[in-house]
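Naming convention: chains lettered A, B, ... in sequence-line order (proteins, then strands); numbering from 1 in each chain.
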Amino acid sequence: MTVLAVSSLAKRYRRGGKPFAAVDDVSFEIGRAETLALAGPSGSGKSTIARLVLRLIEPDAGRVDFEGADFLALSGAALRARRARIQMVFQDPLAAFNPRVTVARVLDDPLRIHGIAPRAERPRRIAALLERVGLDAGLAARAIHEISGGQRQRVAIARAIATRPTLIVLDEAVSALDVSVRGQILELLLDLQRQERIAYLFISHDLGVIRAVAHRVVILDAGRIAESGDARAVIANPRSAIGKALVAATPRLTRNRP
Amino acid sequence: MTALLSVRDLSVGCRRDRAEAPALKGISLDVKTGERLAIIGESGSGKSTLALAIAGLLARGAKVEGLIGWKQSSLQSPHSFAPPSVLPDISPTRGEISSSAAGSPHATPAIGESGRDSSISPQVGEMSGRTEGGAVERRPFHPRDNPLLGRDIGFVFQDPSSSLDPVMPIGKQIAEVVHTHLGLSWPDSFAQAKTVLDRVRLPDPEAVLHVYPHQLSGGQKQRVAIAAAIAAGPKLLIADEATSALDTIVQAEIVALIRRLVAEDGMTLLFISHDIALAATLADRVAVLRHGELVELGETDQILNAPRHAYTRALLDAHLGLDAEPLLDRQGASA
Ligand SMILES: Nc1ncnc2c1ncn2[C@@H]1O[C@H](COP(=O)(O)OP(=O)(O)OP(=O)(O)O)[C@@H](O)[C@H]1O
Ligand SMILES: [Mg+2]
């Protein structure tokens with residue numbers, strides 16, 4: 001079943017007075033419990049696509065169908081209801097919060113705004129969410145500046161799954177994490193995907209990470225799709241010039257394995 | 001190989017939230033002349049603190065113990081008029097000198113700044129009295145022996161904007177480094193600026209002389225920052241996460257650039273990174289830091305293939321390479 005279908009999406013900006021296409025004729029689909037990765041050099045349009053899918057910005061052309069409905073045509077209550085089912089996790093999403101805000105407050109917001117649980121029930125829900133992402137329920141009372149970067153990213157994931165989404169957009173969500181923590185967060189994402197059947201639009205500049213977690217990959221160059229396909233097949237044998245350049249530029253650990 | 005500099009029992013404490021958090025705990029290592037040494041570690045490991053301490057860039061409030069000793073001949077005389085590639089060795093002796101207490105309070109990392117007059121540190125650290133290579137001549141601290149940022153040490157930061165002046169044309173910024181440290185005339189300094197911009201492979205260096213930092217991409221700005229760092233012909237180049245903000249392709253280009261410049265000028269390189277795979281593509285030796293302590297230091301080949309410390313092994317295992325077994329498979333999941 002298709003969760004998200006994007007077709008002929010286009011977004012233009014102006015640079016130095018001249019219009020240019022940040023996203024140009026981009027089409028792809030993501031199925032239930034599937035991870036589609038977006039790769040490409042800086043400025044290739046990855047984050048712009050994320051913002052278009054989340055409807056944080058409006059496209060100049062193209063369609064976004066989410067759960068079978070025309071997402072761009074929705075408004076008012078219908079849009080709000082549908083929006084709860086697309087969530088996002090960015091590089092350090094809690095950095096935007098007041099650092100004194102508690103973990104409980106961060107998780108209370110979506111439950112309240114989307115009317116998911118009445119006030120009396122929310123503390124129990126928050127504890128369950130924390131446990132679901134591998135954190136101690138006691139962390140709820142802590143301020144977000146008191147917890148580690150890895151814990152903060154787990155809280156961001158807990159916040160994203162609070163509304164039981166079918167799609168999470170992850171834009172460089174593990175890029176700022178230490179490698180030891182990164183592996184655990186990726187495992188958590190895979191575990192949630194299997195349990196809750198969540199689809200991921202997974203943006204990363206790191207082909208190693210993409211290869212580890214994504215089913216399919218779309219490689220972008222200057223706003224256009226250069227190539228796409230099975231993640232491992234594309235990375236093993238890139239056909240586009242940009243795909244080849246990205247693979248060639250990825251550092252390799254040359255260990256003499258026994 | 002002789003040591004360009006020796007770090008002995010270096011401890012640095014940084015005040016954070018009123019508590020004294022040790023950023024470095026008793027670090028001892030030698031940086032050999034002409035080698036490419038990578039310092040790797042995760043956040044909070046102290047790798048940047050070590051780089052800043054060596055460059056004399058630690059914040060004034062930092063509590064520093066220990067010693068950073070420099071080989072005297074690695075320091076240029078003030079206003080040496082020699083072109084950067086043929087700097088004379090001031091002293092032919094092998095004697096090492098304790099040139100500065102770690103953390104002499106150079107105030108800002110601005111390129112072209114002459115931190116000399118303000119850099120006389122009252123807190124000379126205690127000497128251990130020994131180095132790897134043998135005896136150390138114990139000499140009184142003297143400001144002339146202080147390595148100077150820009151002249152003896154080129155420093156490249158993660159964010160090139162932090163070392164570039166947003167309202168000064170690129171050419172002027174680099175010419176200033178040359179003028180200040182090599183004492184060349186302004187026309188000669190501008191000519192030298194154009195030469196280094198050409199060396200870092202910026203297209204049309206003549207035009208780049210006149211542009212401002214904001215008109216350049218992140219990768220181009222980092223090339224300019226590298227040009228400024230090497231303009232006065234330093235013996236030591238320190239790159240602190242210099243490619244971490246760049247995309248993979250630009251990162252590979254900048255690493256190739258650093259490799260070439262270090263080889264051409266016979267510079268010593270300190271390459272600070274969180275990425276063990278990236279560091280290994282460049283380094284002769286790798287030092288692994290964790291929680292402010294030196295966990296392991298060895299030849300790159302030994303670190304990769306026969307790591308002695310479990311933490312080094314864990315870092316290697318956590319690397320997601322293009323040949324690693326995908327996590328998807330390990331979990332047996334499928335769409
Ligand atoms: N609001 C905006 N106004 C003008 N130009 C924009 C705007 N947002 C993005 N752009 C431009 O659109 C292009 C695509 O940007 P985008 O952020 O999508 O790239 P990206 O692939 O996410 O890059 P990175 O890997 O650096 O995050 C870039 O050239 C960018 O400068
Ligand atoms: Mg982006």
What part of [X] is in contact with chain B, defined as an atom under 4.5 angstrom from a non-hydrogen atom: side chain, backbone, both or neither?
X: A:Arg232; result: side chain
X: A:Ile235; result: side chain
X: A:Ala214; result: backbone

Out of B:Thr281, B:Leu278, B:Asp323, B:Leu304, which one pairs with A:Leu253 under the side-chain contact (heavy atoms from CB on, under 4.5 Å) rule?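 The single option meeting the side-chain contact (heavy atoms from CB on, under 4.5 Å) with A:Leu253 is B:Leu304.
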In Å and rounded to the nearest 0.5 Å, what is the [atom1] to [atom2] distance from [X] to [Y]?
X: A:Arg182; Y: B:His319; atom1: CZ; atom2: NE2; result: 7.0 Å
X: A:Arg211; Y: B:Leu328; atom1: CZ; atom2: CG; result: 10.5 Å
X: A:Asp178; Y: B:Leu315; atom1: CG; atom2: CG; result: 9.0 Å
X: B:Leu327; Y: A:Asp191; atom1: CG; atom2: CG; result: 12.0 Å

Which heavy atom in A:Arg252 sits nearest to a heavy atom in B:Leu322, and how many Å separate them?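 Closest heavy-atom pair between A:Arg252 and B:Leu322: NH2-CD1, 3.5 Å.
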Decide side chain to side chain contact (heavy atoms under 4.5 Å, CB included) for A:Asp206 and B:Thr248; before the verdict, give the C-alpha distance in whole Å, the side-chain angles of both, and the deciding distance to 0.1 Å. CA-CA 7 Å; A:Asp206 186 335; B:Thr248 316; 5.9 Å; no
For the pair B:Asp247 (side chain) and A:Ser42 (backbone), establish whether a donor and an acceptor sit closer than 3.5 Å, ignoring hydrogens and angles.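 Yes, B:Asp247 side chain to A:Ser42 backbone: donor-acceptor pair under 3.5 Å.
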Greatest number of heavy atom pairs closer than 4.5 Å to chain A - which of B:Ala252, B:Ser43, B:Gly321, B:Ala280: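 Answer, by heavy-atom pair count under 4.5 Å with chain A: B:Ser43.
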Are B:Leu320 and A:Leu186 side-chain neighbours, meaning at least one heavy-atom pair lies under 4.5 Å?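 Yes, side chains in contact.
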For B:Gln251, is it the side chain, the backbone, both or neither that has a heavy atom under 4.5 Å from a heavy atom of chain A?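 Side chain only.
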In terms of heavy-atom proximity below 4.5 Å to chain A, should B:Leu246 be classed as side chain, backbone, both, or neither?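 Contact with chain A: none, neither part.
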Please determine, among A:Gly183, A:Gly31, A:Ser180, the option with the most heavy-atom pairs under 4.5 Å with chain B.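 Counting heavy-atom pairs under 4.5 Å, the top option is A:Ser180.
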Does [X] [atom1] have over 12 foreign heavy atoms under 6.0 Å away?
X: B:Arg260; atom1: CZ; result: yes
X: A:Arg12; atom1: CZ; result: no
X: B:Arg313; atom1: CZ; result: yes
X: A:Arg105; atom1: CZ; result: no

